[in-house]
There are 2 protein chains.
Amino acid sequence: MKIIKALSLLKEKGLSNTGSRKRILEALMFSSGPLSAHEIYQRLLKEGVNCNESTVYRNLQKFLEKDLVQSFTLNDGVSRFEFKKSSDDHHHHIVCLKCKMMKCLDLCKVEDYFEEMIKKLGFVSVSHNLEFYGVCKSCTNSGLK
Amino acid sequence: MKIIKALSLLKEKGLSNTGSRKRILEALMFSSGPLSAHEIYQRLLKEGVNCNESTVYRNLQKFLEKDLVQSFTLNDGVSRFEFKKSSDDHHHHIVCLKCKMMKCLDLCKVEDYFEEMIKKLGFVSVSHNLEFYGVCKSCTNSGLK
DNA sequence: GCTTTTTTGCAAATAATTTGCATATTTTTC
DNA sequence: GAAAAATATGCAAATTATTTGCAAAAAAGC
Ligand SMILES: [Mn+2]
Ligand SMILES: [Mn+2]
Ligand SMILES: [Zn+2]
Ligand SMILES: [Zn+2]
């Protein structure tokens, strides 16, 4: 198992190497789950990295263009970003409506089931966004909020 | 086939009958597809109905609570609302990335496929949000934008 | 009709994201 | 390695969707 470093990824994608950019990418690479722009910004702050929030947004855009990350928007209106371990890494999440905890769901055959329907409508280059919402085990038990 | 009127729906749900409220609900009932708060507001304006945009938002909230409408958020960050023809009306949409045209997709067995996975994680009261994005037939042909 | 409850309009607040522009940093060129 | 060219950053302001406080208006209950 090869460990890919942020720096070589940036080079590979033709992105210039700046301190902020590398730190933003690393935050995503080492995160255990999706992060919002603001969450990334706050992590950098905590680490003492001087980085503007606009810079976070601009870099996330770049990462999306270069297919380094995937993004999705939850029903709270906030976009989350997640490092793509491989170019065909495609999966979804389930979010706890109470504590906001999020779990990744492996595998996704969603398009297979809608494929025919969509084909009939004549759409091409189809992608999708799917999120599940529910109440997680610990919130169910604790009777939180 | 019974025609249900906005007014009787409001009464049924215990919502007071105001001009704006009735018009907002009707806009949704008679629309051929999902509408954003702003789109509803603009339709009312065009019809010469005096109604504030905050009022639209507040009524949409009420309709959601009373299960008269369903809502979902597209990746443009805007929520759309759609009248529920029945309480178990559950379906999704595909949106053209170029012209924003939207089609309803009937049937949804998404939860069946993720059910086991989600059950294992211990989540309950699970719902989901699913949108497809693609390029529609006429945009593919016209080579728009 | 009078009282109570709910809704509305309006203006201001909130919050996520984007943008213009001057400055700073990185990359490329020589 | 220094200068020129390309790119990225910080900062403040703009944008946009949505929410909120509050006083006035309308609807519901009696
Ligand atoms: Mn994930
Ligand atoms: Mn629909
Ligand atoms: Zn999927
Ligand atoms: Zn579904």
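We name chains A, B, ... by the order of the sequence lines, and we start the count at 1 in each one.
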Note to self: Given D:dA8, D:dG21, C:dA16, identify the nucleotide with an atom nearest to the side chain of A:Y57.
What the structure shows: C:dA16
Check: What pair of heavy atoms forms the shortest contact from A:L10 to A:S16, and how long is it?
Finding: CD1-O, 4.4 Å
Notebook entry, point to check: Around B:K84, counting heavy atoms of other residues, nucleotides and ligands shown, do more than 12 lie under 6.0 Å from its NZ?
Noted result: yes
Next item on the list: Select base, sugar-phosphate, or nothing to describe what B:S36 touches, counting heavy atoms under 4.0 Å on all strands.
Entry: nothing
Margin query: Can you work out whether B:V78 or A:R21 has the more 5'-proximal nearest nucleotide on DNA chain D?
Written below: A:R21
Note to self: Using only modelled atom types and a 3.5 angstrom limit, is any donor from either the side chain of A:S54 or the base of C:dT19 paired with an acceptor on the other?
What the structure shows: yes
Check: Which part of the nucleic acid does B:K11 contact within heavy-atom distance under 4.0 Å: base, sugar-phosphate only, or nothing?
Finding: nothing
Next item on the list: Could you check how far CD of A:E53 sits from C1' of D:dC11, rounded to whole Å?
Entry: 13 Å
Notebook entry, point to check: Out of D:dA8, C:dG20, C:dT8, which nucleotide sits closest to the side chain of A:K62?
Noted result: D:dA8
Notebook entry, point to check: For A:D88 and A:H90, does a side-chain donor sit closer than 3.5 Å to a side-chain acceptor?
Noted result: no
Next item on the list: Kindly point out which of D:dT19, C:dT8, C:dG9 is positioned nearest to the side chain of B:T18?
Entry: C:dT8
Checklist line | For the student: nearest non-hydrogen atoms of B:I24 and B:V56, plus distance | finding: CD1-CA, 3.7 Å
Margin query: Looking only at the side chain of B:R58 (C-beta and beyond, no hydrogens), which of the listed nucleotides D:dG10, C:dT27, D:dT20 gets closest?
Written below: D:dT20
